[in-house]
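Just follow the structure's listing: the first ligand is 1, and inside any ligand the first atom is 1.
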Amino acid sequence: MTHSSPAAGSFLPVGSWTRPEAVALNRLPMTTFLREGADVLSLDGPWSFTLLDRPGGIVRCGTTVQVPGCWTMQDVGDPPQYTNIQMPFPGPPPHVPDEDPTGVYRRQVEVPADWQGSRVVLQVGGADSVLYVEVDGRAVGMGTDSRLAQEFELTDLVTPGRPCELVLTVVRWSAASYLEDQDHWYHAGLHRSVLLYRTPRVHLADVRAVADRDPETGVGQLTVHATTGEARSEGAQVRVHLDGAPVGRATARWEHRTNVSTNAYRFTGRGATVSAEVPGVEAWSAEHPRLHDLRVELVDADGARLDSVSLRVGFRRVEVRGHELLVNGRAVLIKGVNRHDHDPRGGKTVSRAAMRRDVELMKGHNLNAVRTSHYPNDPYFYDVCDELGMYVVDEANIETHAYLRSLLTSSEWGPAVLERVTRMALRDKNHPCVVMWSLGNESGWAPVLDAAAAWLRAYDPTRPVHYENGYLDGALAGGLTPPQSWRTPRRETDVVPPMYPSIEDLEEWATTVALPERPLIMCEYAHAMNNSGGDLDRYWAAIRRHPDLQGGFVWDWVDQALVQRLPDGTERLAYGGDFGDTPHDGPFCLNGVVAADRTPHPSLLELAHVVQPVGFAWTGGEGVRLTNEHDFTDLADVADVDWAVTVDGEDVAAGTLGRVPVAPGATTDVRVPVPPLRLHGRQVAHLSLRVGAVASWQTELARAQDAEPPAAAAGPGLPTRLALWRAPIDNETYGPRHAERWEQLGLPTAHERVQLRTETEGARVIHEVTVPDGWDDIPRVGVRLGLPPGVVAVDWLGRGPHENYSDRRAGTTVGRWRTAVDDWPVRYVHPQASGNRTGVRWLRFLDADDRVVLTVDDLDDLDVTVSRWTDEELAAAGHLEDLPAREHAYLWIDARHRGVGSGAVGPDVSAPHRIGPGTYRWSYRLR
Ligand code: GAL
């Protein structure tokens, strides 16, 4: 090792950050973290920080930063950078830029005096992207993989009770960056906690607890493998207690004692294995996350305690049987989302409260699964998933997207791949929430991935292995397309996890080509980019129709927007390019079903509805069939089943059916005592059912269509203009590039050339327009009206309350709603069309004194938008802050309005939700 100049304050083996094979030096093997309380010394807080322009280079900034924290979020002059597929710097691999921001973190540390005689270990929770460690100027070690903790033994380098200087140097760009080419913000720094911990010299180095449970008999089988540390205590025993009661013991081993030649075949390794049967043990599942306390002790030959650790375990069985992934014997439907560690202020540093909130929000929206895209998430996240109940696909920190099919085929990347996969499993093995291991994302295929999968299967036969990209690689090599390409037998995965498949391909797979021995679980679908989420109901109808389809993970959970402070002191939500980061991929990072501050987007409300665990179907008359989609919970244990009948959104009758027993997976028919209804004019009656906060449903009961309401005084004659365009949503700008095509057709100014025929009959306004041949798939056919000044609120009857489109409205109900004009549109970070409501029958516009200024009624279930911004303004704006403040608002009344789809990377808006040439006629009354 050579040392850089003392000014740099760090040791850096020359060029090691540019070497793919320089994975780690002197790093301890990964274990489950088992220490707590007084055995842990947190080093979180302020650290002195120097930013160099390159390893061992010139000082660019000297300051104090917070740990954990990305320095890219702490104003040190090195901002974050967002790219999707492309690398943030020029290659080719393993080349890294000469200018390579390098952070030197220093801190005086005093190991507690009472740690005298202990073993002392440094744990660095996450260093992006390469970490170098030194103590009092002495080199300790280095390591890569920014999303897993790295540990180094300091026992002989520190003196308890005396201060020492700890220096952690982090290099931003490295060969490892090529393995971390995920679609996300590139940050830098110590983004997870740093701590010291102690263990006794004779200690438990690791514990692996396998808690199996036979779903047929309910008998649990607990197997605890405890690894002993290097120091010996002959005759020591490992004892195991479950929920306080002793369950077994075994003699501890400290390797072979004599020479290798005589013991080569008898070497049993270090540690002890304790097994015990646990009859009648309660199962862990996402529905009932029952955890048990496990205590593992190491005692000496006289029974005196040498060491003891605790962890939580859950008894459950995960297996692939036939085309199903079974949890506790049930083919659970995977109602999942992909999740990045992301905080709008912290970047990759996410607080415990925020992680808990994420899981609570997911559970509150009927989700039961998370894929930790595309790297092991913060360790606390798994604790919360264990506790609150989520099925987790744990993904290794591997993505080589820019060099998808080539990088891993070079052998120098092999050690890093194996380290990343095995260390993830060694860290997370004890979490009942982890139901599958994933080898990573979008890294093509290479033999080392087969090797990694083989290691996982041998080390941990209790969980299947997941990897998507082998299918893509196989398809490209074999010229196959989905669903045929999913048939290729792949060694690196136990499930078929396609990305953004069309519903048609899924149906074809399920009905004609499915491989019986592989479940199909979409690793990504429904590209939730800003205004999006079309056809979620059709996906879930297909999933429920075919046992060969088992759900999937929506892309993705949270908008990766970052809070940026502007020179004038104000803040805005930023995306790629906003920090001057180049190259960048603009707003492509805004794909969340929740906003960066975790406000649910309408796509999450839709998702919550289509995956809800209770199904309803009208069987005619007063009959409704209830389906209980829970796997382990009777419907009677959830909540009462309540009903209501509304006429034009007003309640006319309501009642409860009380607790309705329906076994998991079963259906039952109930009778709802609907009162006789007398409807007039164009009234519509609906029946709604609700089961607590878990599920709701609405169906149209009856509709009167006898007479036209009487004509009223002539309308106020608001300026009206034809609208055939909308500010493109991101799912039509990217991918199918409709935005460009609509521009070429001249849709934004079509009102100047296409004739809108308007007649009035009293207060009734009737429009007719002919969309010319060749204008296939346009965004809307409607009119835009200027609303009178002073309008501040809207009262309406139609689908709501939130934004909905013809292909994303299953989660809405027909009702009477009210909202402020300012709250009608959704504030997507990247401005675009938003706020449509379908099925609208009337609207009333109110002023600040709640007086009705304008009534628009007698609409025939039309699409309506209200906004203070025009489509032109929305399309021109880069950020919400660019939009003008305006006194008056506009109203769009559309005969048809395009769906939202998933087009940027998935299926475009499906045929029934597109608008083509033809003559359209629609009407309403203005009063
Ligand atoms: C997938 C990828 C995700 C994300 C998404 C598009 O191909 O796995 O990380 O890039 O596309 O938003």
- Looking at Asp341 and Lys348, does any basic side-chain N land under 4.0 Å from a carboxylate oxygen? no

- Message: Under a 3.5 Å distance rule, please check whether Tyr178 uses its side chain to pair with a backbone N or O of His95 as donor and acceptor.
- Response: yes

- Quick one: list whatever passes side-chain contact (heavy atoms from CB on, under 4.5 Å) with Leu426, sequence neighbours left out. Met30, Trp455, Tyr459

- Around ligand 1, what residues show up once you keep those with a heavy atom under 4.0 Å from it? Asn84, Asp183, His374, Asn441, Glu442, Met499, Tyr500, Glu524, His527, Trp555, Phe588, Asn591

- Residues at least two apart in sequence or cross-chain that pass side-chain contact (heavy atoms from CB on, under 4.5 Å) with Ala526, listed by chain then number, are Leu536, Val554, Ser902

- Query: Would you call Arg898 and Asp807 a salt bridge, taking side-chain N to carboxylate O under 4.0 Å as the test?
  - Reply: no

- Message: Going by the rule side-chain hydrogen bond (donor to acceptor under 3.5 Å, both in side chains), which residues pair with Arg147 if we only count those two or more places apart in sequence or in a different chain?
- Response: Asp128, His191

